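What you see is a predicted model, and the numbers here were worked out from it, not measured in a lab.
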Amino acid sequence: MALNNSNVLLPCVFTTCIGFQDLDFTWYFNLTEMIYHGKIKSKASEPILVERNPRVEFVGSTTGKDNNISIVLKNVEFSDAGRYTCHVKNPKEKKAQHNATIILTVVQKMVEADNTVTVIIVSIVGGLIGLLILFMLVKRVVLFIIKKTQDGKKECLVSSSGNDNTENGLAGSKAEQKAPPKA
């Protein structure tokens, strides 16, 4: 979106795995009207202008890290609204062609969007998620405390039996059995 009578940047970058040589790039308006045409000999050289609209300025650079072939459209008018296509042809890639499209809207004045409802909804959802997390954390702490207090109340009971375990192959003693008293 651009303001009427302002300058607008139309960004375009390209990538290549095998480098480029004699790269050809063109910017089109609504796919038919050529507004900028340039060629780049190699990574070490800046683009050479072939043809351009007088209101278009090249602002990219291909000698740095990015292969930037962006342009600036000066003094935008309402009639400039439409599709801008960046077209790149690299002979090293068997003349593969790549395109990127930007849709430009020209407005009389920029209108700030009212995001009050969005902020309220996001705040409520965020608050509910926060409460849910807090509830889960408190529940976990309470369960941990209950478990620890129950573990402390358990007693170890030891019992002994006078049963003979020798029959099961376990060491043990037999309780002495006394004869019943005679009457």
- d(Y84 OH, L31 CG) to nearest 0.5 Å is 12.0 Å
- Item | Nearest-0.5 Å distance, CG of residue L137 to CG of residue L132 |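 Interatomic distance, L137 CG to L132 CG, rounded to 0.5 Å: 11.5 Å.
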- Item | Approximate separation, where rounding is to 0.5 Å, of K74 NZ and N53 CG |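 One gets 10.5 Å once the value is rounded to the nearest 0.5 Å.
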- Message: I'd like to know if the side chain of T32 pairs up with that of N30 as donor and acceptor (distance under 3.5 Å, no hydrogens or angles considered).
- Response: no
- So, do V72 and V56 sit near enough that their side-chain heavy atoms are less than 4.5 Å apart?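 Contact flag for V72/V56 side chains = no.
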- Item | Gap between atom NE2 of H37 and atom CD1 of I48 - 0.5 Å precision |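 The CD1 atom of I48 sits 11.0 Å away from the NE2 atom of H37.
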- Quick one: side-chain hydrogen bond (donor to acceptor under 3.5 Å, both in side chains) pairs with a partner in residues 98-107, sequence neighbours left out? T85-T101, H87-N99, E93-H98
- Message: Tell me the closest heavy-atom pair linking C12 and N68, and the distance in Å.
- Response: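 So the minimum-distance heavy-atom pair works out to O-OD1, 3.3 Å.
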- More than 12 foreign heavy atoms under 6.0 Å from CZ of R55: is that the case here? yes
- Closest heavy-atom pair and its distance - P11, S70: CA-OG, 3.2 Å
- Could you tell me how the ring of F25 sits relative to the ring of F58: parallel (under 30°), tilted (30 to 60°) or perpendicular (over 60°)? tilted
- Message: Among residues at least two apart in sequence or on other chains, which ones pass salt bridge (Lys or Arg N to Asp or Glu O under 4.0 Å) with E46?
- Response: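 Not a single residue meets the salt bridge (Lys or Arg N to Asp or Glu O under 4.0 Å) criterion with E46.
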- Which atom of R52 lies closest to which atom of L49, heavy atoms considered: CB-CD1, 3.6 Å
- Message: Nearest 0.5 angstrom please: I129 CD1 to L134 CG, how far?
- Response: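 Separation between the atoms: 14.0 Å.
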- List the atom of Q21, the atom of N90, and the distance in Å for their closest heavy-atom pair.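 Q21 and N90 have their closest heavy atoms at N-OD1, 3.9 Å.
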Indicate every side-chain donor-acceptor pair of residues 38-45 with a distance under 3.5 Å to a residue at least two apart or in another chain.
{"unit_1": "K39", "atom_1": "NZ", "unit_2": "D24", "atom_2": "OD1", "d": "3.4"}
{"unit_1": "K41", "atom_1": "NZ", "unit_2": "D22", "atom_2": "OD1", "d": "3.1"}
{"unit_1": "S42", "atom_1": "OG", "unit_2": "A44", "atom_2": "N", "d": "3.4"}
{"unit_1": "K43", "atom_1": "NZ", "unit_2": "T62", "atom_2": "O", "d": "3.2"}
{"unit_1": "K43", "atom_1": "NZ", "unit_2": "G64", "atom_2": "O", "d": "2.9"}
{"unit_1": "K43", "atom_1": "NZ", "unit_2": "N67", "atom_2": "OD1", "d": "2.8"}
{"unit_1": "S45", "atom_1": "OG", "unit_2": "S42", "atom_2": "N", "d": "3.1"}
{"unit_1": "S45", "atom_1": "OG", "unit_2": "S42", "atom_2": "O", "d": "3.1"}

- Message: For a quick test of reading the model, state the closest non-hydrogen atom pair linking N4 to Q108 and the distance between them.
- Response: ND2-OE1, 3.9 Å
- V76, F78: one ILVMFWY side-chain cluster at the under-4.5 Å cut-off? yes
- Let me see the working for L23 and F14 under side-chain contact (heavy atoms from CB on, under 4.5 Å), right down to the final yes or no. CA-CA 11 Å; L23 184 117; F14 67 91; 3.9 Å; yes
- Say you draw a straight line from CG of L10 to CD1 of I35; how long is it, rounded to the nearest 0.5 Å?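 The CG atom of L10 sits 6.5 Å away from the CD1 atom of I35.
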- Message: Do E77 and D80 have side chains that approach each other closer than 4.5 Å (heavy atoms only, starting at C-beta)?
- Response: yes
- pair K139-L143: side-chain heavy atoms closer than 4.5 Å: yes
- Query: Mind checking whether I103 and Y28 sit in one hydrophobic cluster, side chains of I, L, V, M, F, W, Y counted as touching below 4.5 Å?
  - Reply: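 I103 does not cluster with Y28.
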- Task: Check the pair I69 / V13 against side-chain contact (heavy atoms from CB on, under 4.5 Å), numbers first and verdict last.
- Result: CA-CA 6 Å; I69 52 176; V13 294; over 6 Å; no
- Verify side-chain contact (heavy atoms from CB on, under 4.5 Å) between C86 and V88, making sure each step is shown before the conclusion. CA-CA 7 Å; C86 172; V88 179; 4.2 Å; yes
- Would you indicate whether the side-chain heavy atoms of L104 and L73 approach each other to under 4.5 Å?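 They are in contact (side-chain heavy atoms under 4.5 Å apart), so the answer is yes.
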- For F29 and S79, which heavy atoms make the closest approach, and how far apart are they?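 So the minimum-distance heavy-atom pair works out to CZ-O, 3.6 Å.
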